[in-house]
Amino acid sequence: MAPRNSLLPSFLYDGGAAGAPSGRGVGGAPVVVAGAPSEPPFGKIEMFSPAYYSACAFSGAAACGLTHAAVTPLDVIKCNIQIDPAKYKSTTSAFGVVMREQGARGFFRGWAPTFLGYSAQGAFKYGLYEVFKKEYTDMAGPEYAAKYKTLIYLAGSATAEVAADVALCPMEAVKVRVQTQPGYARGLSDGFPKIVRNEGYAGLFRGLVPLWGRQIPYTMMKFATYENIVEMAYKHLIPTPKEQCSKPLQLGVSFGSGYIAGVFCAAVSHPADNLVSFLNNAKGATAADAIKNLGLWGLFTRGLPLRILMIGTLTGTQWMIYDSFKVMVGL
């Protein structure tokens with residue numbers, strides 16, 4: 001294995017199966033190339049190049065869009081429990097109500113805005129995270145970056161999520177209304193123009209602040225917890241160096257670490273998730289209205305068990321898909 005670039009902290013390398021060989025580029029500048037033991041189908045990609053960040057963005061879009069669309073039935077139940085607990089008293093009864101009133105199709109209401117919205121969010125979230133992680137590392141310098149790497153994970157993920165949520169917010173507004181207001185719209189094609197027609201484009205972004213309140217802590221927890229759990233797993237639980245582990249084992253570590261991170265994510269972001277659902281469902285409602293309606297206890301607990309199951313599975317699967325795509329493109 002070629003030696004890593006000693007000027008960069010080791011945590012910046014993705015830890016691909018064979019590490020990241022380094023060399024010298026134009027003017028003698030260090031160049032880091034990501035690669036797997038066997039030549040990947042798309043060739044090798046230079047670390048921190050436009051192609052590298054594009055690959056990360058594409059991987060993030062696939063990871064978030066596919067997983068969120070796949071758990072649309074759970075999301076339908078979760079949102080309705082949050083909005084109308086008198087009617088949807090529990091997870092089991094909520095499944096029965098949706099099936100009785102809307103049929104099997106009711107569980108997949110809002111899948112299109114979910115897929116598009118979270119694909120866009122995933123591209124910005126993962127792509128910009130890699131950008132800002134590198135930028136903040138350069139600002140701190142190798143010594144401080146290695147010492148305070150968790151702070152870099154937190155800062156990089158928070159900055160990336162600010163932009164990611166702007167991309168997500170319009171689709172989230174459509175999704176919540178389609179899922180919680182039967183008859184409002186069939187889906188994205190008529191739900192999006194209906195909101196614009198009735199409320200203007202501002203209606204699509206009415207939930208942006210609570211969305212930031214939900215997603216920024218969620219993403220900070222997601223990335224920082226995941227990165228540290230993976231590091232501890234290879235340091236304390238798995239005796240074999242990561243680059244010598246099989247691909248299935250590496251992906252298993254990705255899923256398990258992601259699932260654990262997802263549980264923490266769900267807990268810290270759940271009050272804001274209740275606010276997002278309430279504000280996007282009730283026209284003209286405020287955060288104070290939501291707190292009055294839900295109560296403080298309900299704000300923190302309503303729909304939480306189902307969301308822990310959903311977010312844990314989502315997060316674990318997202319990291320597994322993300323890492324799989326990065327291996328496929330040579331990272």
Side-chain angles (χ1 to χ4, degrees), residues 11-21 32-72 111 114-134 153 156-157 160-161 163-164 167-168 171 215 218-219 222-227 229-231 233-234 242-243 245-262 265 311-331:
F11 70 85
L12 269 182
Y13 296 90
D14 182 64
V32 183
V33 177
S38 58
E39 184 72 15
F42 301 99
K44 294 181 179 178
I45 295 178
E46 183 180 317
M47 288 284 284
F48 317 126
S49 65
Y52 170 78
Y53 294 124
S54 296
C56 293
F58 180 80
S59 303
C64 292
L66 293 173
T67 53
H68 277 275
V71 298
T72 296
W111 74 266
T114 296
F115 175 73
L116 293 176
Y118 282 93
S119 292
Q121 186 216 33
F124 282 99
K125 182 201 299 275
Y126 283 89
L128 290 179
Y129 172 68
E130 299 289 351
V131 171
F132 287 117
K133 185 168 70 169
K134 175 66 165 58
Y153 300 149
S157 57
E161 190 60 36
L168 169 64
M171 295 296 103
Q215 289 298 134
Y218 167 94
T219 300
K222 174 179 180 176
F223 281 87
T225 305
Y226 173 81
E227 300 262 26
I229 290 175
V230 167
E231 181 180 339
Y234 285 109
K242 181 178 180 180
E243 61 269 15
C245 293
S246 66
K247 288 294 192 302
L249 177 56
Q250 290 188 37
L251 293 178
V253 172
S254 293
F255 178 81
S257 302
Y259 195 99
I260 295 171
C265 291
I311 296 301
T313 305
L314 272 176
T315 307
T317 307
Q318 282 172 7
W319 279 113
M320 189 169 65
I321 293 174
Y322 182 67
D323 285 350
S324 297
F325 266 85
K326 291 178 76 175
V327 168
M328 185 179 71
V329 300
L331 300 179

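Side chains are part of it too, since the values below use all heavy atoms of this structure and drop only hydrogens, waters and symmetry mates. No experiment lies behind these values; they were computed from the predicted model shown. Counting begins at 1 with the first residue of the sequence.
- Between I321 and A62, the shortest heavy-atom contact is CG2-C, 4.3 Å.
- Q250 places a side-chain N or O within 3.5 Å of a backbone atom of C245 that can act as its donor or acceptor partner.
- Among Y52, F325, Y53, the one residue that satisfies the ring pair (Phe, Tyr, Trp, His ring centres under 6.0 Å) test with F58 is F325.
- Between I229 and S257, the shortest heavy-atom contact is CG2-OG, 3.4 Å.
- Salt bridge status for K133 with E227: present, with a side-chain N to carboxylate O gap under 4.0 Å.
- At a threshold of 4.5 Å between non-hydrogen side-chain atoms, the residues V131 and F48 do not count as touching.
- Rounded to the nearest 0.5 Å, atoms CG (L168) and OG1 (T114) are 9.0 Å apart.
- The two atoms that bring K222 and A261 nearest to each other are O-CB, 3.9 Å, heavy atoms only.
- The two atoms that bring C64 and G122 nearest to each other are SG-CA, 3.6 Å, heavy atoms only.
- The structure places OG of S254 at 3.5 Å from CG of D323, a figure rounded to the nearest 0.5 Å.
- Interatomic distance, Q318 CD to T67 OG1, rounded to the nearest 0.5 Å: 3.5 Å.
- L128 approaches A160 most closely through the heavy-atom pair CB-CB, 3.6 Å.
- In this structure, CE in M47 is found 9.5 Å from NZ in K134, a value given to the nearest 0.5 Å.
- The two residues C56 and E130 make their nearest non-hydrogen contact at SG-CG, 3.6 Å.
- Ring pair W319/Y126 is perpendicular by interplanar angle, where above 60° counts as perpendicular and below 30° as parallel.
- Taking NE2 of H68 as the start and CD of Q121 as the end, the distance is 6.0 Å to the nearest 0.5 Å.
- Residues that satisfy the side-chain contact (heavy atoms from CB on, under 4.5 Å) test with S157, not counting sequence neighbours, are Y129, T219, M220, F223.
- By the side-chain contact (heavy atoms from CB on, under 4.5 Å) test, A57 pairs with A123, sequence neighbours left out.
- Ring geometry for Y259 versus F255: interplanar angle of 30 to 60°, hence tilted.
- When the side-chain contact (heavy atoms from CB on, under 4.5 Å) test is applied to A70, no partner is found at least two apart in sequence or on another chain.
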